Amino acid sequence: MKKISLNSQILIGSLSGILLGAVLSTLDKESAASQVSLYIAELLGMLFVDLLKMVMIPLVFTSIAVGVANLRAHNKIHRVWKTTLGYFFLTAIVAITLGLIAANLLKPGKGLQLPMFQDAMENFQAHEMTLPEFFTQFLHSLFQNPIAAMAEANIIAVVIFALLMGIALVIGGERFQNIRIFLQELLELVLMLVGWIMKLAPLCIMALLIKLVVTQDFSLLMILIKFISLVIGTILLHALIVLPMILYLVTGMTPIKFWRGAREALITAFATSSSSATLPITLQCAEQNLHVKRNIAGFVLPLGATVNMDGTALYEAAAALFIANLVGVDLNLMQQMIVFFTAMLAAMGAPGIPSAGMVTMLLVLQSVGLPVEAIAILLPIDRLLDAFRTSVNVEGDMIGSLVVQKVVESDVNQN
Ligand code: ASP
């Protein structure tokens, strides 16, 4: 009998997860069958995410340090850097613009009366902009004691330290040959563990999706259906049209080919709501299925998992306008520009973990004086929306690695 590929197993696992979750939701929540099934699903999901987190930090550190060290020629590093940042900014700008346009056109939350908002509205007063504070905090998180950063899974600080080590390895050259080879072997070793963890993915993703479906509050989802559809619709527009178009224009790769190769990572991102936890699988898919060179993937993907979040940026902009409508405030053009920039900063500052966007969302709300208490209405629906934004965040990273590879290759060929 032909063995089903892991890719297809993951697809089957995720569809069964959604289906089983839907069936479980119809059962009595107190029944033993329902409680036991949910407990097992929670346990499996937790173990899978724990396993991914276990390999995440060693993987980020080694892949970036080795990636940079192997991009030996200085001008190549320069080129990779510039293209990566250019791509991150460009796609974030497009994503936020889409979010703002959609929210301005559809005006979600206008005229919606929610009792839980009365207090927030009564206490409403303009807050001072805390952008400088946020900025300082963001800068402060960049350079940290690497051991502490690793222990706390502070990825951005680990990324920066690994980048510096990689650059030093390049400049030091032959002198640090042994360390470079050691890191390279460590990376291969960690990737071997990732391969084992991936074998559990079909079952564990099924478990994560069962939990996702069962824990939704469907009555609240129906009340906020307009806002939810707007966010999901706009995210899909970005994911299915904008990003694939950039990919096709730059690399000539068709979206179908891309999705086939990226599927495991996109589904894992959806199920875990964490770009960072998905990173091991993202790297694996980019290298093995999409043939991105390890040096490029090892640089672009870990960096992207923490700073490149199109889905989060789009969401934060749209959600700020939604809350403004809910509390009856009209944001003028200038205020929407502030939302634009803070959403960009907030998405960059958000770590790739579940609901991180909710925390940095406070910054966006505060920057235009919206009541931060309003976050209460977003929290119950966040798990669902987070699944979508995380998938597009990861998609953006993977397309970024393909775009950077193409640009750098054509550059080298020209020289
Ligand atoms: N969960 C998202 C991620 O990991 C971040 C967020 O929007 O909350 O990419």
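No hydrogens, no waters, no symmetry mates; every other heavy atom, side chains included, goes into these values. Just so it is clear, the structure is predicted and the values come from calculations on it, not from any experiment. Note that ligands are numbered from 1 as they come in the structure, with each ligand's atoms numbered from 1 the same way.
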By the definition side-chain contact (heavy atoms from CB on, under 4.5 Å), identify the one residue from Leu187, Val66, Leu183, Val159 that meets it with Phe61. Leu183

In plain terms, say whether [X] and [Y] are close enough for a salt bridge, that is, a side-chain N and a carboxylate O under 4.0 Å apart.
{"X": "Arg383", "Y": "Asp386", "value": "no"}
{"X": "Asp330", "Y": "Lys110", "value": "yes"}
{"X": "Lys293", "Y": "Glu409", "value": "yes"}
{"X": "Glu188", "Y": "Arg294", "value": "yes"}

Under 4.0 Å from a heavy atom of [X]: which atoms of ligand 1 are those, numbered in the order shown and with their elements?
{"X": "Thr312", "value": "5 (C), 6 (C), 7 (O)"}
{"X": "Ala356", "value": "8 (O)"}
{"X": "Gly357", "value": "6 (C), 7 (O), 8 (O)"}
{"X": "Ser273", "value": "1 (N), 4 (O)"}
{"X": "Ser355", "value": "8 (O)"}
{"X": "Ile353", "value": "1 (N), 2 (C), 4 (O), 5 (C), 8 (O)"}

Distance-only N or O hit between ligand 1 and Met309, under 3.5 Å: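 It does not: no N or O of Met309 is found under 3.5 Å from an N or O of ligand 1.
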
Evaluate the side-chain proximity of Thr282 to Met398: yes if any heavy-atom separation is below 4.5 Å, no if none is.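 In short, these two side chains touch, coming nearer than 4.5 Å.
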
Identify the protein heavy atom lying closest to atom 1 (N) of ligand 1, giving its residue, its atom name and the separation to 0.1 Å.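 Result for atom 1 (N) of ligand 1: Asp386 OD1, 2.8 Å.
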
Tell me which protein heavy atom sits closest to atom 4 (O) of ligand 1, plus the residue, atom name and distance to 0.1 Å.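 Protein heavy atom at minimum distance: Ser275 N, 2.8 Å.
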
Report yes or no: does a heavy atom of Ser274 sit under 4.0 Å from some atom of ligand 1? yes

Which of parallel (below 30°), tilted (30 to 60°) and perpendicular (above 60°) describes Phe227 and Tyr315?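 Rings of Phe227 and Tyr315: tilted, 30 to 60°.
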
